[in-house]
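Please read the structure below before turning to the comments.
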Number of protein chains: 2
Amino acid sequence: MDVRTLCLGALMGGDATGYEIRKMFEDGTFSHFQIASLGSIYPALTKLTQDGLVTFVEQEQENRPDKKIYCLTSEGRRKFIRTLLQVRPAEDRYRSDILFTLTFAEELPVEMTEALIDEFAARHEAMTQMIDPHNPDKPHSAANPGRDEDGNLKPGCQFVAGLGQAMCEASLKFIRENKQGLIDDLKTFKANKP
Amino acid sequence: MDVRTLCLGALMGGDATGYEIRKMFEDGTFSHFQIASLGSIYPALTKLTQDGLVTFVEQEQENRPDKKIYCLTSEGRRKFIRTLLQVRPAEDRYRSDILFTLTFAEELPVEMTEALIDEFAARHEAMTQMIDPHNPDKPHSAANPGRDEDGNLKPGCQFVAGLGQAMCEASLKFIRENKQGLIDDLKTFKANKP
DNA sequence: ATTGACTATATCAATTCGATATATGACAAT
DNA sequence: ATTGTCATATATCGAATTGATATAGTCAAT
């Protein structure tokens, strides 16, 4: 799925600026299962405008650059749904430098291994906070759509959030139960092979 | 972490061809937490050769293109370890078109939502098989390093494999417990909003 | 017979990332 | 006082990477 399609999806939750769309992928609704950088979002929005799939109104701001608030056209909306229906979703891909590094734990100081695991845990801890739809310090901003008029989370979003939480919790649980074992294994491993 | 570093890491487990390195990321040891395509691996190996971090011997084959079997130099090995020690690992990133699509479940036919969830489950089921170090149909090929001379899985690899399994199992469990609920929610949701 | 899958290397256009530039205000730290 | 950093906001661009394609032969299946 290319960034253009992702932008259309982001605008399904309501009008937004390019900056706000990036936040949806950085902090917001999509952050735990999609990625898009500003360097791809802005050109995508320009292209979508040219193709008539979105429009924008420019909002002047005091002492700040103008905002461009983008809005799906009815054609953009139709195009997005059609894409979802037609395109075969790509394989999921998970990318983790930390896990890659841990694969070579035998070659590293044990303290570093421990620090890497702690870092992994901390990041996943932060992610559960971010995903949690009931989290009170999560603002009801443009970066967190997926709700209907009454403020209820839509079923699809709720399911996806729950799935993300379950995966985070599982990894945290695994670390709690297996970190010390790995450290011990590494120590004996290193003692045997100097 | 760039593809050059990933290639060095792949060669830590023993000599391999570019094709075999891709398999490590496609099917093998690294497949569930790193990605690298052939289009990036071959140029990376060329660059690494120029920099003296790997060497290769060309092996003629009957009725096939020659194999280039790449091998870490001692400098390459040192460089790799140094990189692991120095480089701050990038944020983990998980990318899933299926989950993104499910976010818009309200806009799709319920049958499609169900099919997407089943597909997600099937892929994760396949992944657990692939990760499992005890899986008997997993060959002891160049695509599956991470073992010492006695065939024992190294502690770091075992930990990472276990973590991957735990996350897969958690997602499968979540789906078993919540799929029907989502389908029901969607039906009532759609009934209320025609 | 022919389609598709596997081994093997290589190239390349299109896409995307990540860093940087620009402008301003707020707030914390030294 | 001043420096640093963070947040808002858009935009550009080189570098890295993907994904498709070319080449070429073997093998199994339809």
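Within every chain, numbering begins at 1; the chains are lettered A, B, ... in the order of the sequence lines, protein sequences first and strands thereafter.
- The side chain of B/Y19 lies closest to C/dA8, out of C/dA8, D/dT8, C/dC17.
- In this structure, the CD atom of A/Q34 is 10 Å from the P atom of C/dC17, given to the nearest Å.
- Between B/I69 and B/R95, the one whose closest nucleotide on DNA chain C sits nearer the 5' end is B/I69.
- Residue A/Y42 places its side chain closer to D/dT10 than to any other of D/dT10, C/dG18, C/dT16.
- Closest-nucleotide positions on DNA chain D for A/K67 and A/P43 were compared, and the one nearer the 5' end corresponds to A/K67.
- Atom P of nucleotide C/dT16 and atom CG of A/D2 are separated by 5 Å, given to the nearest angstrom.
- At a threshold of 4.0 angstrom between heavy atoms, the contacts of B/S37 include nucleobase atoms, whether or not backbone atoms are also involved.
- Here the side chain of A/S40 is nearest to one of C/dA8, D/dA11, C/dT16, namely C/dT16.
- Note on A/G18: only backbone sugar-phosphate atoms sit closer than 4.0 angstrom, heavy atoms only; bases stay farther off.
- To the nearest angstrom, P of C/dC6 lies 10 Å from CZ of B/R22.
- Straight-line distance from the CZ atom of B/F56 to the P atom of C/dT9: 10 Å, rounded to whole Å.
- Under the 30°/60° scheme for interplanar angles, the aromatic rings of B/F80 and A/F100 are found to stand perpendicular.
- For D/dA7, neither phosphate oxygen OP1 nor OP2 lies less than 4.0 angstrom from any side-chain nitrogen or oxygen of A/K23.
- When rounded to the nearest whole Å, the span between NZ of B/K47 and C1' of D/dA15 equals 12 Å.
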Point to revise | CA sep, side-chain torsions, deciding dist, call: A/V54, A/Y70, side chain to side chain contact (heavy atoms under 4.5 Å, CB included) | key: CA-CA 6 Å; A/V54 304; A/Y70 288 89; 3.9 Å; yes
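- Salt bridge status for A/E119 with A/R123: present, with a side-chain N to carboxylate O gap under 4.0 Å.
- Both tests hold for A/R22 against A/Y19: distance to the six-membered ring centre under 6.0 Å, angle to the ring axis within 45°.
- As rounded to whole Å, 14 Å separates atom C1' of D/dA16 from atom CD1 of B/I41.
- Contact check, B/T17 against C/dT9: a side-chain N or O comes under 4.0 Å of OP1 or OP2.
- Residue A/R93 places its side chain closer to D/dG19 than to any other of D/dG19, D/dT17, C/dT9.
- We find that CD1 of B/I35 is positioned 14 Å from C1' of D/dG19, with the value rounded to whole Å.
- In this structure, B/Y70 places its OH atom 11 Å from C1' of C/dA8, rounding to the nearest Å.
- Under a 4.0 Å N-O distance rule, the pair B/K173/B/E177 qualifies as a salt bridge.
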